[in-house]
**Student:** 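Here you go, one structure.
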Amino acid sequence: MKVRKDCGMGFFSYILNLLFPPKCVFCGKILNNPDDGWCDKCTESLPYTDDFGKQKGDYFDFCISPLYYTGVVRRSVLNYKFRDAAQYAGYYGILLAECIKECPDTEYDIITWVPLSAKRERKRGYDQAKLLAQAAAAELSKPVTEILQKKHDVQAQSELGDKPERKANITGAYKVIDQEFVAGKQILLIDDVITTGSTLDECAKVLIDAGASRVICATLARSE
Ligand SMILES: [Zn+2]
C-alpha cells in the first residue's frame, strides 16, 4: 500500500526536528525527510495485510487492519503503548485511514474507540486507542467521540491465553455513556491491535445492546 507519510508539521516542529532528528516510527532509523513518519525501506517492506486484513466478530461485521502485528510493527506499537510515544498516533492514523477509505462497505456515522480504564489512562498519560481514533478521524474528516467507558480494570488481555479465557476476562468491563446517542447509529470502533477479537466483540456487543444499528472495527494491526 502506497500512502502519504507526513502529517503536516509546522514551524515549531521544524525547530524541534533540529534538536531531536525524527526517526522512523517503525525501524527507528533517522529520517531524510523529517516530515515523514517512516522511512522508504519500511514503506517497501512493512508487513501489509491482503484484503484489508479482514476479521469477523460475533457482534461486529468485520475488522480491518492495514498491518500484521509482527517485527518492526510490533516493536513500534509496544513503544507507542509503553514508552511514551504518543506522537506515533498521527502516523498510524494515516495508515489506518487509508485502509478504511479503500475498503468497500465501510459506511458509518461516527468513530469511537476501545477505552482504557480511567486508572490506566492516568498511569500511561494518554489513551492510545483514543489518540489513534482521533488521528484517523482527522484524516477521514469524520466525527469522533467518546461513547464507551471501561467500568473497571481487568487483567491485561495480552497476559491471557486462548479466546474463552480472554472473553471471560473482558465480559462486563464496558458500558455505553449515553444510550440515546448510540441508538440507530452505525459505529466505527477503533483499537490499536486485534488478537482474538474478544475485546472488540465485547465493546461491539455493548454498542449493539444499546441500540447501535451496526458496528465495524478497524485496528492498526492484526496479530495473525
Ligand atoms: Zn523504517
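Remember, predicted model here, so these are calculated numbers, not experimental data. Order of appearance sets the numbers: ligands from 1, and atoms from 1 within every ligand.
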**Student:** Only pairs at least two apart or in different chains count here, so list each side chain to side chain donor-acceptor pair (under 3.5 Å) that has a residue in residues 204-224.
**Tutor:** D61-R214, S65-T219, D105-R214, K205-D209

**Student:** Considering the Zn ion (ligand 1), could you give the total of protein N/O/S atoms lying closer than 2.8 Å?
**Tutor:** 4

**Student:** Taking only residues two or more places apart in sequence, or in another chain, which ones meet T195 in a side chain to side chain donor-acceptor pair (under 3.5 Å)?
**Tutor:** none

**Student:** Within this structure, what is the CH2-OH distance for the pair W38 and Y88, rounded to the nearest 0.5 Å?
**Tutor:** 13.0 Å

**Student:** List, by chain and number, the other hydrophobic cluster members for L200, where Ile, Leu, Val, Met, Phe, Trp and Tyr join if side-chain heavy atoms come within less than 4.5 Å, directly or indirectly.
**Tutor:** F60, I110, V114, I147, L148, V154, I170, Y174, V176, F181, V182, I187, L189, I194, V206, L207, I208, V215

**Student:** For the hydrophobic clusters of this structure (ILVMFWY residues joined by side-chain heavy atoms under 4.5 Å, transitively), does one cluster hold both I100 and Y68?
**Tutor:** no

**Student:** Can you label the angle between the Y92 ring and the F26 ring as parallel, tilted or perpendicular, going by 30° and 60°?
**Tutor:** tilted

